[in-house]
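Worksheet: the structure to be examined is printed underneath.
Starting from 1, each residue takes its place in the sequence as its number.
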Amino acid sequence: MKHHSKSTQWVPYVFVVAIFIALISPYLLTYGMFMDGTIYAAISKNLAVGSGSFWSLKFMNNHFNPFLEHPPLAIYLESLFFRLFGDYFFIEKIYSCFTYCISGFLIHFIWKEATLVFKMDQKRSWIPLLLWILFPLVSWVAVNNMLENTMTVFVLLSLLFLFKSLQNSLVFEVLAGLSLSAAFMSKGPIGLYLWSFYFFYYLIYQHQSFGKMCLKTVLLIFYTIIPFIFLYLFYPLGFQSLMNYFDHQVIRSIASVTTVSNRFFILWSLVQQLILPFGIGFIWIIIYRFTKDKSISSKLSLKPSFLFFLIGLSGVLPVMMSLKQSGFYILTTFPFFAFSIAFLLTQLPKIVVPKIYHKVFALFALLLLLSSIVFTASKFGSYNRDKDKITDLMVVKKEIPQIQDLNIERSMWDDWALFGYASRYANFSFWREEEPTKQYLLVPKGEDYTKEVVGYKLVALKLSNYNLFIRIK
């Protein structure tokens, strides 16, 4: 019986992987992506071919050049995939999913380290993994190339080192701080909430003195800023680039940028994300209480769950400082909430089921994995969004390959999805309509744009959304 248990312990992990692939399968190997992710992919591709540099990223010739919206590390790491594998339309999504593979392994190792500290069951790391992928935004962000994907890797890496550092290991404290430096270099200060780790650990467990907790926290902050001190002292250009980002993006977003109507938007986003994983956990506990052991709730240790919940919340609440908010800003906190639920569920007694059900579940997991992979492959090269925009740009590039710069009509100036696709798939730079040195003009089809535009003549191309004109000499 013991041998049977060991032989099937891989099945839940296959099931988790199968669900994740099933969730992303309609989008992984397709054209089209959320605007932000497309822009990051275009900048990464440009960097890979030598257009721009680590400290001076480039999007288009006259837009986001240099790109000061975010620090450069995540984009640089993605550019390595373009260098290694080439400029294929799916490279950015493969990189995105690669970061999720790394994050998944880190969740597994964090579980083993944390359960060792808490003296709990180490064998069911598939539970936090399952709960994590059930956050709706997780699968969405996985195929939309957000910078939070890379930042999550470094936040989780820091968390792993922090748990290891509880054994009073200076090396792991330093590594935890440096990992947070990398998190900052991926998406900015939103990943620094793990500075709260020692405080919350002291608050709940009080295994060390208050003074020692304060000292360890101060040292963690110091280890985090060491790379920036070195930049200031030895590479002023890099430090100035970060200061430009901080002034342009962080200060401005707090002071003047508004994307939501109130500061509580991010809390409502969190609640929406928690409904499914928390709902599953709640139902799981209720079933045990009324069918297995009515006193089960009194036997649960809530301390591990509180620890992870409070740390996760510390990554959400600071977002309220700004009215520039989006649900994916708190992506890195989702593993913490998954851990919080999982540490409750793994304290429940295991359900003993007949051997035949183990085999049925194993077969189901394998079939789900295989069918998800096949469905992913069947979608290769299709379009999951913005098909007409992408195909029009690619037709223009194919038929007139010498085009690098295009004037665009005023109504298109704010279509950043189009800008992203133009740079990513066609290597175009867009210019305003009034720019007289550019030969070609792209305008939307419609009543206002017939076969004649003053000073231009229509280029005969089969386009769906746009008309291309060439300047009359």
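- None of T38, D386, D415, T391 except one satisfies the side-chain hydrogen bond (donor to acceptor under 3.5 Å, both in side chains) rule with Y421; the exception is D386.
- A ring-centre distance under 6.0 Å is found for F419 and W416.
- In this structure, L28 CG and L23 CG are separated by 12.0 Å, a value rounded to the nearest 0.5 Å.
- Closest of all the heavy-atom pairs between V250 and Y245 is CG2-OH, 3.4 Å.
- Residues Y202 and S209 share a closest heavy-atom pair of CE1-C, 3.9 Å.
- Around atom CZ of F230, no more than 12 heavy atoms belonging to other residues, nucleotides or ligands sit under 6.0 Å away.
- Between F67 and H70, the two ring planes are tilted [angle within 30° to 60°].
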Taking it one step at a time, do V138 and F334 satisfy side chain to side chain contact (heavy atoms under 4.5 Å, CB included)? CA-CA 8 Å; V138 166; F334 294 162; 3.8 Å; yes
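- Taking both residues in full, the closest heavy atoms of I91 and G86 are given as CG1-O, 3.2 Å, listed atom of the first, atom of the second, then distance.
- Between atom CH2 of residue W195 and atom OG of residue S314 there is a gap of 12.0 Å, rounded to the nearest 0.5 Å.
- Between the side chains of Y95 and N145, no donor N or O sits under 3.5 Å from an acceptor N or O.
- No close placement of the F20 and W132 rings is indicated, their centers lying 6.0 Å or farther apart.
- Side-chain contact of S181 with Y223: a donor-acceptor pair under 3.5 Å is absent, judged by distance alone.
- Side-chain contact between L178 and P227 is present, with at least one heavy-atom pair separated by less than 4.5 Å.
- Within 6.0 Å of atom CZ in F85, more than 12 heavy atoms from other residues, nucleotides or ligands are found, so the atom counts as buried in its surroundings.
- A cation-pi contact, defined as under 6.0 Å to the ring centre and within 45° of the axis, links K164 to F172.
- Considering only heavy atoms from C-beta on, I341 comes within 4.5 Å of L345 through its side chain.
- Remark: I204 CD1 to L307 CG distance equals 4.5 Å, nearest 0.5 Å.
- In this structure, R424 contributes its side chain and I39 its backbone to no donor-acceptor pair below 3.5 Å.
- Heavy-atom contacts from other residues, nucleotides or ligands closer than 6.0 Å to OH of Y76 number 12 or fewer.
- Taking the centre of each ring, F343 and W111 come in below the 6.0 Å mark.
- Note that the CZ atom of F81 and the OG1 atom of T99 stand 8.5 Å from one another [nearest 0.5 Å].
- Taking a 6.0 Å sphere around CZ of F210, one finds it holds 12 or fewer heavy atoms contributed by other residues, nucleotides or ligands.
- Nearest heavy-atom pair across S179 and F154 is O-CB, 3.4 Å.
- Closest heavy-atom contact between L159 and L194: N-CD1, 3.8 Å.
- A distance of 12.0 Å separates CZ in F222 from CG in L215, rounded to the nearest 0.5 Å.
- By the 6.0 Å contact criterion, NZ on K387 is open, its count of non-hydrogen atoms from other residues, nucleotides or ligands being 12 or less.
- Looking only at side-chain heavy atoms (C-beta outward), F98 and L77 stay at 4.5 Å or farther from each other.
- Taking 4.5 Å as the limit, some side-chain heavy atom of L276 sits within range of a side-chain heavy atom of I280.
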Can you check side chain to side chain contact (heavy atoms under 4.5 Å, CB included) on V17 and L129, steps first, answer last? CA-CA 9 Å; V17 172; L129 285 168; over 6 Å; no
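- For CZ of F306, the number of neighbouring non-hydrogen atoms (other residues, nucleotides, ligands) closer than 6.0 Å is 12 at most.
- Within a 6.0 Å radius of CE in M321, no more than 12 heavy atoms belonging to other residues, nucleotides or ligands are found.
- Distance alone, capped at 3.5 Å, is enough to place a donor-acceptor pair between the S44 side chain and the I75 backbone.
- Residues P26 and F375 are in side-chain contact: their nearest non-hydrogen atoms beyond the backbone lie under 4.5 Å apart.
- Aromatic pair F89/Y31: centroids less than 6.0 angstrom apart.
- For the pair S196 (side chain) and F199 (backbone), a donor-acceptor distance under 3.5 Å is absent.
- The one candidate from N46, L418, L393 that meets the side chain to side chain contact (heavy atoms under 4.5 Å, CB included) condition with S423 is N46.
- Proximity of a side-chain donor or acceptor of N144 to a complementary backbone N or O of M146 within less than 3.5 Å is not detected.
- The aromatic rings of F118 and Y205 sit parallel to each other, their planes meeting at less than 30°, with 60° as the upper class boundary.
- Of the possible polar contacts, none joining the S25 side chain to the S372 backbone as a donor-acceptor pair under 3.5 Å is found.
- Remark: side-chain polar atoms of Q325 are paired, donor with acceptor, to backbone N or O of I266 under 3.5 angstrom.
- With T30 as the fixed residue, the side-chain hydrogen bond (donor to acceptor under 3.5 Å, both in side chains) test singles out one of K93, K379, R385: K93.
- Judged by distance alone, the side chains of K45 and N427 do bring a donor and an acceptor atom under 3.5 Å apart.
- For the pair E173 (side chain) and K216 (backbone), a donor-acceptor distance under 3.5 Å is absent.
- Using a 4.5 Å cut-off on side-chain heavy atoms (C-beta onward), F337 and V316 make contact.
- M412 has its side chain within reach of Y466: a pair of non-hydrogen atoms, C-beta onward, lies under 4.5 Å apart.
- Between F163 and F197, the distance from one ring center to the other falls under 6.0 angstrom.
- Using a 4.5 Å heavy-atom threshold, the side chains of M151 and I190 count as touching.
- Expressed to the nearest 0.5 Å, how far CG of L68 lies from CG of L242 amounts to 10.5 Å.
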Which is it for F64 and M60 under the side chain to side chain contact (heavy atoms under 4.5 Å, CB included) test, yes or no, and what are the steps along the way? CA-CA 6 Å; F64 296 134; M60 284 184 174; over 6 Å; no
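- In summary, the aromatic rings of W140 and F34 are positioned with their centroids under 6.0 Å apart.
- Here the side chain of D392 pairs a donor or acceptor atom with the backbone of S464 at under 3.5 angstrom.
- In this structure, the ring of F336 has its center less than 6.0 angstrom from the ring center of Y193.
- In this structure, L73 and A182 approach most closely via the heavy-atom pair CD2-O, 3.5 Å.
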Could you walk me through whether L267 and M320 pass the side chain to side chain contact (heavy atoms under 4.5 Å, CB included) test, one step at a time? CA-CA 8 Å; L267 291 180; M320 297 174 64; 3.8 Å; yes
